[in-house]
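Quick caveat: nothing in here was measured; it's all calculated off a predicted structure. Order of listing sets the numbers, starting from 1, for every ligand and every atom in it. Atom set for the values below is all heavy atoms of this structure, side chains included, hydrogens, waters and symmetry mates excluded.
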Amino acid sequence: MAVKNEIKEALGSIIAGKILYDEPMSRHTSFNVGGNAGALVLIKSEDQLVGVVRKLREKKIKFLPAGNLTNIIVRDGGYRGAILLMTGMKEIRYEYTPGGGDFISAQAGAALAKVVSRSATDELTGIEFCAGIPGSVGGAVWMNAGAYGKEIKDVIKAVFLLDAAGGKKTMNREEISFGYRKTEFPPDTIILGAQFKLEKGERVKIKKKISEILQWRQKKHPLEFPNAGSIFKNLPMQAAGELIEEMGMKGMNVGDAQISPKHANFIVNRGKATASDVLELIALIQSKAEKEKGVILEPEVVIVGEN
Ligand SMILES: Cc1cc2nc3c(=O)[nH]c(=O)nc-3n(C[C@H](O)[C@H](O)[C@H](O)COP(=O)(O)OP(=O)(O)OC[C@H]3O[C@@H](n4cnc5c(N)ncnc54)[C@H](O)[C@@H]3O)c2cc1C
């Protein structure tokens, strides 16, 4: 049976109308590239997510939890399973515990940008470094997103999860192993939300910091074209963008995928790029880096799907 029909049979009755079958991911990824997902499921609530995941696991249908799709490349052959977007799980709330301090809790589908602006409203400092990162809370925790020398792990107090057996669980920061642009959770973990520990601050100062970061990003990053942020992880001693620039590759293209002339660690979609164009360009950069510089450039973007 075609994947689309398998998913229809498994989920059709529980979330009618909120499933896009055979959906081109180029319509949804920040890169505007990617083949079709068997289904793109727009999840309304945590309870619905639990039900959907249970059904998919029962029927052994492959699925991928995702957020804002700002760090994912789906190959042109598509994803033969369901991609779950936490569209309706966007709640953000302030919490205070005597002796514990000030926190913001947010569901996985909440935009990181909204958490940042909420921190300014609530006069809480610590998460300004996330300004301009276009992902969701779930994606940011999964990737241990970071900027300006800070990472999500620095502000995490706890992560709320759905485990492989379908049970809800809380993991405190100390129990989680965070790495460079990755977080190690037990297999098949889905992030439901996170609690961030912040400090009291002054609204004016927090807002100023956020707006400085946003201006800096506007100046340095090629935000005028679809992209997925940094393509490669930085090397221990050198920024990946600097290395690519040193190799004279700025501006190079495969089809409409181009190494941004503005920032060499960004590949931009100049119009009609395909995932294959982007992946070919990635492979070209990697092979040149290995031959000429003796280094392995590891993608920061998550690559899924079939060739
Ligand atoms: C213009 C631009 C600038 C960027 N700048 C930065 C930056 O400064 N720093 C940085 O770190 N990143 C940056 N990024 C990359 C990206 O925004 C971050 O990695 C972000 O955290 C990804 O969030 P997302 O919701 O889009 O995740 P997605 O792209 O949807 O998913 C990324 C990964 O997380 C997993 N995932 C997502 N949600 C869940 C969940 N609920 N449960 C389990 N797994 C989940 C997915 O399966 C996938 O493996 C940038 C991207 C762009 C386009």
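- Taking every non-hydrogen atom of N227 and a distance limit under 4.0 Å, the qualifying atoms of ligand 1 come out as 1 (C), 2 (C), 52 (C), 53 (C).
- The side-chain heavy atoms of Y94 and L124, taken from C-beta on, include a pair separated by under 4.5 Å.
- Residue L64 has at least one heavy-atom neighbour below 4.0 Å for each of these atoms of ligand 1: 47 (O).
- Each of I259, L281, I267 was evaluated against V254; a single residue qualifies, L281, per the side chain to side chain contact (heavy atoms under 4.5 Å, CB included) test.
- Between N71 and ligand 1, at least one N/O pair is under 3.5 Å apart.
- For the pair R217 and ligand 1, a heavy-atom separation below 4.0 Å is found.
- Ion pairing between a basic and an acidic side chain is recognised when a charged N comes within 4.0 Å of a carboxylate O; E199 and K197 show such pairing.
- Nearest-residue assignment for atom 42 (N) of ligand 1 (options L161, I191, I213; heavy-atom criterion): I191.
- Close contacts of ligand 1 with A108, meaning ligand atoms under 4.0 Å from a residue heavy atom, involve 41 (N).
- Counting heavy atoms of neighbouring residues, nucleotides and ligands inside a 6.0 Å radius, atom NZ of K293 exceeds 12 of them.
- Taking a cutoff of 4.0 Å between a charged side-chain nitrogen and a carboxylate oxygen, R80 and E306 qualify as a salt bridge.
- Checking only distances, T70 does come within under 3.5 Å of ligand 1, N or O to N or O.
- Listed by number with element, the atoms of ligand 1 under 4.0 Å from a non-hydrogen atom of R181 are 11 (O).
- Backbone and side-chain nitrogen or oxygen atoms of L69 are examined, and one is located within less than 3.5 angstrom of a nitrogen or oxygen of ligand 1.
- Every atom of ligand 1 with a heavy atom of A228 under 4.0 Å away is listed here by number and element: 51 (C), 52 (C), 53 (C).
- Applying the 6.0 Å contact sphere to CZ of R217 captures more than 12 heavy atoms from other residues, nucleotides or ligands.
- Scanning all heavy atoms of the two residues, the minimum distance from F129 to G146 falls at CE1-CA, 4.2 Å.
- Nearest-heavy-atom check against atom 13 (C) of ligand 1 across V304, V302, I133 picks out I133.
- The distance from ligand 1 to the heavy atoms of L223 drops below 4.0 Å at these ligand atoms: 1 (C).
- Taken to the nearest 0.5 Å, the CD1 atom of I231 stands 8.5 Å off from the CD1 atom of I244.
- The option with the heavy atom closest to atom 35 (C) of ligand 1, from among Y180, W142, Y148, is W142.
- The option from G135, G139, A147, G146 that lies nearest to atom 9 (N) of ligand 1, judged by heavy atoms, is G146.
- The aromatic rings of F266 and H221 lie tilted to each other, with the angle between the two planes from 30° to 60°.
- The two residues F232 and A240 have their closest heavy-atom pair at CB-CB, 3.9 Å.
- Listed by atom number, the atoms of ligand 1 under 4.0 Å from M143 heavy atoms are 19 (O), 33 (C).
- Heavy atoms from both the backbone and the side chain of S136 come within less than 4.0 Å of ligand 1.
- Regarding atom 24 (P) of ligand 1, its nearest protein heavy-atom neighbour is N68 N, 3.5 Å.
- Shown here for E128 and I213, the closest heavy-atom pair between the two residues is O-CD1, 3.3 Å.
- Residue contact check: P134 has heavy atoms under 4.0 Å from atoms 2 (C), 3 (C), 4 (C), 17 (O), 50 (C), 51 (C), 52 (C), 53 (C) of ligand 1.
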